[in-house]
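Notes follow the structure.
The first residue in the sequence is number 1, and the count goes up from there. Numbering of ligands and ligand atoms starts at 1, following listing order.
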Amino acid sequence: MTGQLRLDDYLQRYSETAPHALAVAAAVDAIASGSIEIADLTSTGLFADASGLTTGRNSDGDLQRDLDVQADAIIRRCLARLPIAALASEEMREPQIVDREGRICVAIDPLDGSSNIDINMTVGTIFSILPAPDDLGLAFHQRGTAQLAAGFVTYGPQTSLVLTLGEGVDIFTYDRAAKCFRLARRGVQISETSDEFAINASNRRHWDPPVRAFIDECLAGIDGPANRDFNMRWIGSLVAEAYRILTRGGVFLYPSDARPGYGDGRLRLTYEAHPVAFIMEQAGGAATTGRERILDLAAHNLHQRVPLIMGSHHEVRRVEELHCDPLLVASVSAPLFARRGFFRL
Ligand SMILES: O=P(O)(O)OC[C@H]1O[C@](O)(COP(=O)(O)O)[C@@H](O)[C@@H]1O
Ligand SMILES: [Mg+2]
Ligand SMILES: [Mg+2]
């Protein structure tokens, strides 16, 4: 591993390529150093004891863990020395305007998958880097296509940084001995088709008909229209699901559903869906709500949720097709009748 390109050398080369590149490279470098601190914290296991670790709720109503708060403080401290125009975090109520001269804006989910802390499963940090608009009030109302860079770090058996600077996806692994990230995989490509799906199936009765139809096709396997058997995974950590899809393909769904508060799913557009969708597309995959491309959307507010279906192109397109099926669509717009009628529940 020692011979592989270090992240700082990789960023140094990139920083000379475009007007925003220096600022983007500095932000990625700062987030990477913060992630090393977070990796050290998570690996101590001090957070694995469930007692007394909940500090309250964030502005979106999620239970906030001590590690959520610490991770947020670490990343913000690391970014504080940079001329960033505006900063947003899952743990902040509102975006913060930092430096009006700054060229970029950064949105972060400091700790993704925090319900996995107690059970010693992979968690992560997600980030999205956007250009600073003239009106900084619009910093986090840009379409996902505006992103200059995006990435996530996974704190699992390995600490890995998945990064796109808009020209493909590269993966870096943390070298603990040298205390730096090194390039492990260049130009990652997601397989066009796959036989693995991920969804929280406990919500099945709340799903809309197109989502149920897709999962029913997967479950029918070789006896159904898909004509092949599927495997299933659900980790409950977006970063870990995305990493798996980058490694061996698959489709992930966190759709909207009929539970109160889940009309737009669970995941947040600005600091979860946008960056992960950018990575999916840059690796040859796709990301959609079922009806619209995720990267075409712009958030109305910082913590806006969005249905997210992402991964191998073929399966994501199939979910979109089902969202256009007139029979299934008709049943979405008449939910009570349809749920009981079409699916005979
Ligand atoms: O518990 P559920 O409903 O299955 O939701 C799991 C999803 O929620 C998340 O944990 C949300 O992220 P946060 O932990 O940052 O709030 C995702 O990582 C994961 O995909
Ligand atoms: Mg998250
Ligand atoms: Mg989080």
Side-chain angles (χ1 to χ4, degrees), residues 31 34-35 38 41-42 47 53-76 87-93 106-128 150-156 162 197-207 211 215 232-246 250-277 279-280 287 294 299 302-311:
I31 293 167
S35 75
I38 299 171
L41 264 182
T42 54
F47 296 92
L53 292 175
T54 302
T55 58
R57 290 187 182 272
N58 64 21
S59 56
D60 200 33
D62 278 354
L63 218 52
Q64 207 177 25
R65 310 292 307 264
D66 190 29
L67 198 54
D68 284 316
V69 177
Q70 291 211 41
D72 185 53
I74 289 171
I75 298 286
R76 282 162 68 176
L87 181 68
S89 160
E90 181 184 3
E91 309 309 331
M92 292 161 66
R93 181 173 296 277
V106 180
I108 51 166
D109 177 355
L111 199 79
D112 178 61
S114 47
S115 67
N116 276 329
I117 297 167
D118 304 334
I119 58 167
N120 195 18
M121 291 285 282
T122 299
V123 292
T125 297
I126 311 176
F127 61 92
S128 163
F152 63 85
V153 181
T154 56
Y155 312 114
V162 176
F197 68 95
I199 191 164
N200 186 338
S202 66
N203 299 320
R204 184 181 190 282
R205 70 186 188 284
H206 305 296
W207 297 337
V211 172
I215 298 300
M232 197 206 81
R233 285 287 183 275
W234 181 253
I235 303 175
S237 167
L238 178 63
V239 289
E241 315 271 8
Y243 195 96
R244 186 189 61 249
I245 289 172
L246 290 165
V251 58
F252 165 98
L253 302 92
Y254 208 123
S256 54
D257 66 53
R259 287 175 294 162
Y262 285 80
D264 287 319
R266 163 148 175 69
L267 300 169
R268 278 59 56 103
L269 180 58
T270 306
Y271 45 80
E272 293 181 315
H274 268 169
V276 171
I279 288 166
M280 288 291 135
I294 294 286
L302 178 57
H303 301 290
Q304 185 180 321
R305 295 174 184 230
V306 71
L308 174 63
I309 294 136
M310 65 174 189

Is it the side chain, the backbone, both or neither of [X] that has a heavy atom closer than 4.0 Å to ligand 1?
X    : value
R65  : neither
R266 : side chain
S237 : backbone

Give yes or no for whether the N/O distance cutoff of 3.5 Å, strictly under, is met between [X] and ligand 1.
X    : answer
G113 : yes
L111 : yes
Y262 : no

How are the rings of W234 and F252 set relative to one another: parallel (under 30°), tilted (30 to 60°) or perpendicular (over 60°)?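 Plane angle under 30°, so parallel.
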
Is the terminal nitrogen or CZ of R268 (NZ for Lys, CZ for Arg) located under 6.0 angstrom from the six-membered ring centre of Y271 and within 45° of that ring's axis?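 Judged by the rule, R268 and Y271 form no cation-pi pair.
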
Under 2.8 Å from the Mg ion (ligand 2) - does any N, O or S atom of E90 fall there?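 Here the distance criterion (N, O or S atom, under 2.8 Å) is not met by E90, so no.
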
Pull out every atom of ligand 1 sitting under 4.0 Å from any heavy atom of S114, numbered as shown with elements.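 Those qualifying, in numeric order: 14 (O).
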
Short check: any N/O/S atom of D68 below 2.8 Å from the Mg ion (ligand 3)?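 Looking at D68, which is the residue asked about, there is no N, O or S atom under 2.8 Å from the Mg ion (ligand 3).
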
Can you tell me which N/O/S atom of D109 has the shortest distance to the Mg ion (ligand 3)?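 Of the nitrogen, oxygen and sulfur atoms in D109, the Mg ion (ligand 3) lies nearest to OD1.
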
Answer with yes or no whether R268 contacts ligand 1, where contact means a heavy atom under 4.0 Å from a ligand atom.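 In this structure, R268 qualifies as a contact of ligand 1 - some heavy atom is under 4.0 Å.
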
Given V276, I235, N200, V239, which has its nearest heavy atom closest to atom 4 (O) of ligand 1?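 Ranked by closest heavy atom to atom 4 (O) of ligand 1, first place is N200.
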
